[in-house]
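Remarks on the structure that follows.
Worth knowing before you read on, the calculation uses all heavy atoms, side chains too, and leaves out hydrogens, waters and symmetry mates. Note that the numbering runs from 1 along the sequence shown for the chain.
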Amino acid sequence: MKNTSPWRMGFDIGGTFTDLVLLNDETGETFRHKTLTTPEDPSEGAYTGLTQLVEMAGLAPGDIHTLTHGTTLAINALLERRGAKTALVVTRGFRDVLVLGREYRYDIYDLNGAPAQPLLPRAQAYEINERVTARGEAITPLDEGEVVRLAATLRQAGYESVAVLCMHAYAWPENEMRIEAILARELPGVPVSLSHKVSREMREYDRGVLTAMNAFIKPKARRYMARLESKLLEGGFTCDWLVMGSNGGLMAPQVAADYPTRIIESGPAGGIVATAAFARRNALAQVLAFDMGGTTAKACVVRNGEPSITTDYEVGRADRLLKGSGLPVKLPVVDMIEIGAGGGSIARVDSLGLLEIGPESASAWPGPACYGRGGEQPTVTDANLVLGLLDPDAFLGGRMVLDREAARHAIRRVAEPLGFSIEEAAWGIHEVANSKMSEALRTHAVEKNVSPSHMTMLAFGGAGPSHAWSLAKQLEVKRVYFPNGAGVYSAFGLLTAPPSADFVRSDRCPLSPGLDTRRVEAVFAEGFDEAFTTLAAANVDPATATLQRLADVRYVGQGAGLTVALPEAFFEQGAVASLVAAFEAAHLARFGRTLPGQRVEVVNWRGRVHTTPPKLNTTDYPQDPEPHVQEKTLKVYLGREQGFSDCRVVPRSLFTTGRRLHGPALLQEKECAIYIGPGASAVLDEQGNILMELN
């Protein structure tokens, strides 16, 4: 029987906390929850949070219609290099493809700059005899006997996963498929990732890195998805569940298990999708999304209600601000910048006697010292507690009381070497973290050809609302919104996203009047068939889907192209000039110039299939004051010159619509604390969002 319940739930597993939101689509009623992540088995903490939230709402697991999940599983496995023992099988002559990379110096002035380390060492790469040209001509036939012998070598070496990269397989995948069939027979139970199934894009290094990533994570992703599904079924959650993809769309868990590279930025994408919906609802042209959690901070530029999507994403950058210093992810990803500064980021004094923050994190276990779980290192959260930016009795709605003395003891580790008081050291930790984030946010915005001072900031995450005031000051942002449920906003974003699927086909061809648009239509037809096959696992009705056609276009001679939407006239009239005009408009907007008379070519055709985002009607902010809460006053530290000042602490349920609160003040939610600094004021709008305005 079809589940007709109006209740849907989103849960996002972060490095420190797991955020959960339960929504009734008919009434708009919501319940929110936040629980510590269990790093040894993230599904355990998630399942505990799910059952707690269902019980809080007075429901049973069977009352939930859909579960939507965001996870950091893939990105953590890559950053920590904790994946399967993986072999790379390549065309003979290309064993060093991952090691050589692009032979590109991301900083030409740094003579000691080291590139990102390859995911797999050369010793784990194996060559086979086969070679096909870009036109599909077989130069060297595949030696199937050699593949059988290679399988025996891989079995003896104990490999847990295999990545296969054949030259030009993006266009001619037959040899990869034959290799897969042999390995499946000779190595039963060992997953195989084929480059043409991971990405149909040319350039062997980019495709090879992505395929190696997929194989590296795949066994862990499969085990995780199976374990989580088993827990859900045993607990009575018999509904469908979906996983957020890096592109801001949802997919079936079996697709995420087989292609975990598609969920590398699964969790953060939820918050960006929610930001885009917020921008559309409030008619905000330019929004800077700022998401700070326990482990990292993220930012993304949202323009005209649409997040920026890139296919030039990188993970594990050697320098967080320099493009080319990480491993490329040639898939559609919400274009954000990630900074190793979160609430759990550890502070230290370096060899030069300077204060540094992160990227090491106290994580969920043992966590910051103030959590009372054995942590001893000073963190950003400890500093915020000492400064008075957190109410020790209201953390997680009062479910966890923070230990101020433990925080002070931890911060003494950096205060004494610096010759500072504990409060001065805490202020330094807070300000260094803010400077680190503001530098990254400014760089990200400028790369998008926009000034932060002209944007509205949307701040969320467990720690984001505590730092937004300082960031806004440094970036000269005048208006900052804290959305309803800011502390778990990424989980809320999981409920705003539709299922979607992307595809790419490399097809380098000049944009000239002789272009055969019927051949291009055939390429798109094949790609859309692939996308609908992917979406079938998520029970998507093709009749409800929207098809989007895109192209990567460049001037002949350029190294990279710009992704533009195909104009309707391209197929209707065969007007190649319409696509050229769209590209040149995009080129002008991005680089401020065009190259008149220069030939233009397509590098890739891209497509996306998505359904209509669910309509949301939320009324989850309290309408009436809760009887057991009341305002109080804390002391907040404002720096060495100003010292401590009185700070009003106002529970969210007492902050009524239209009331204006002047800083310094704390607006206390169950999932986060919103800091309104000196010179700023905040007001609650009719949607339950808090708007902070800075002078």
Side-chain angles (χ1 to χ4, degrees), residues 1-14 17-35 37-38 41-71 73 224-245 249-257 263 266-267 269-271 273-274 277 484-485 487-499 535 537-541 611-620 670-671:
M1 181 181 295
K2 185 177 180 181
N3 189 336
T4 58
S5 168
W7 291 99
R8 294 188 296 129
M9 188 185 296
F11 62 106
D12 174 28
I13 302 178
F17 286 98
T18 295
D19 300 339
L20 306 100
V21 174
L22 179 62
L23 169 68
N24 186 313
D25 281 328
E26 293 179 357
T27 66
E29 184 180 11
T30 68
F31 293 86
R32 302 191 292 264
H33 190 44
K34 202 177 189 77
T35 186
T37 295
T38 49
D41 181 4
S43 66
E44 187 64 39
Y47 176 74
T48 299
L50 289 168
T51 55
Q52 290 173 344
L53 184 55
V54 167
E55 185 177 345
M56 287 167 52
L59 301 173
D63 294 328
I64 309 303
H65 177 271
T66 306
L67 288 170
T68 311
H69 178 33
T71 176
L73 172 85
Y224 170 78
M225 297 295 174
R227 190 165 55 245
L228 180 56
E229 181 157 14
S230 177
K231 279 189 172 70
L232 293 174
L233 291 175
E234 290 174 4
F237 292 94
T238 57
C239 60
D240 293 333
W241 64 290
L242 300 171
V243 181
M244 171 64 81
L250 303 176
M251 67 185 71
Q254 56 264 44
V255 175
I263 60 169
S266 170
V273 171
N484 196 3
V488 292
Y489 201 56
S490 288
F492 178 78
L494 300 175
L495 302 175
T496 69
L535 289 174
N539 299 318
V540 171
D541 181 0
T611 59
T612 303
K615 294 182 179 180
L616 298 176
N617 171 34
T618 59
T619 56
D620 57 337
K670 292 181 179 179
E671 303 86 17

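With values rounded to the nearest 0.5 angstrom, Ser266 atom OG is found 9.5 Å from Leu73 atom CG. In this structure, CG on Leu22 lies 4.5 Å from CE on Met9, to the nearest 0.5 angstrom. In this structure, the separation between CG on Leu233 and CH2 on Trp241 is 9.5 Å, given to the nearest 0.5 Å. In this structure, the separation between SG on Cys239 and NE2 on His65 is 8.5 Å, given to the nearest 0.5 Å. Summarising the geometry, atom CG belonging to Leu20 is positioned 14.5 Å from atom CZ belonging to Phe492; distances are rounded to the nearest 0.5 Å. Here OG1 of Thr18 is found 11.0 Å from CD of Glu44. Values are rounded to the nearest 0.5 Å.
Leu242 and Ala538 get closest at one heavy-atom pair: CD2-CB, 3.7 Å. Across all their heavy atoms, Arg227 and Ser43 have their closest contact at NE-OG, 3.6 Å. Scanning all heavy atoms of the two residues, the minimum distance from Val488 to His33 falls at CG1-O, 3.6 Å. Between Ile64 and Leu67, the closest heavy-atom pair is CG2-CD2, 4.1 Å. Here the closest non-hydrogen pair linking Leu494 and Phe11 is CD1-O, 3.4 Å. In this structure, Met244 and Gly493 approach most closely via the heavy-atom pair CE-O, 4.3 Å.
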Take Leu23 and Trp7 through the side chain to side chain contact (heavy atoms under 4.5 Å, CB included) test and state the conclusion after the steps.
CA-CA 6 Å; Leu23 169 68; Trp7 291 99; 5.8 Å; no

With side chain to side chain contact (heavy atoms under 4.5 Å, CB included) as the criterion, how do His69 and Leu228 come out once you've worked through the C-alpha distance, each side chain's angles and the decisive distance to 0.1 Å?
CA-CA 11 Å; His69 178 33; Leu228 180 56; 3.7 Å; yes

Step-by-step side chain to side chain contact (heavy atoms under 4.5 Å, CB included) determination, Tyr489 to Asp19
CA-CA 8 Å; Tyr489 201 56; Asp19 300 339; over 6 Å; no

Worked check of side chain to side chain contact (heavy atoms under 4.5 Å, CB included) between Arg32 and Lys670
CA-CA 9 Å; Arg32 302 191 292 264; Lys670 292 181 179 179; over 6 Å; no

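Checked by atom type and distance alone, the side chain of Ser5 pairs as donor or acceptor with a backbone atom of Asp63 at under 3.5 Å. Without hydrogens or angle criteria, Thr68 side chain to Gly10 main chain gives no donor-acceptor distance under 3.5 Å. Under a 3.5 Å cut-off, the side chain of Thr37 and the backbone N or O of Gly14 do form a donor-acceptor pair.
Cation-pi contact between Lys231 and Tyr47: absent, since separation from the ring centre below 6.0 Å together with deviation from the ring axis within 45° is not met.
No more than 12 heavy-atom neighbours from other residues, nucleotides or ligands sit within 6.0 angstrom of CD on Glu55.
A 4.5 Å side-chain heavy-atom check between Thr35 and Phe17 finds every atom pair outside the cut-off.
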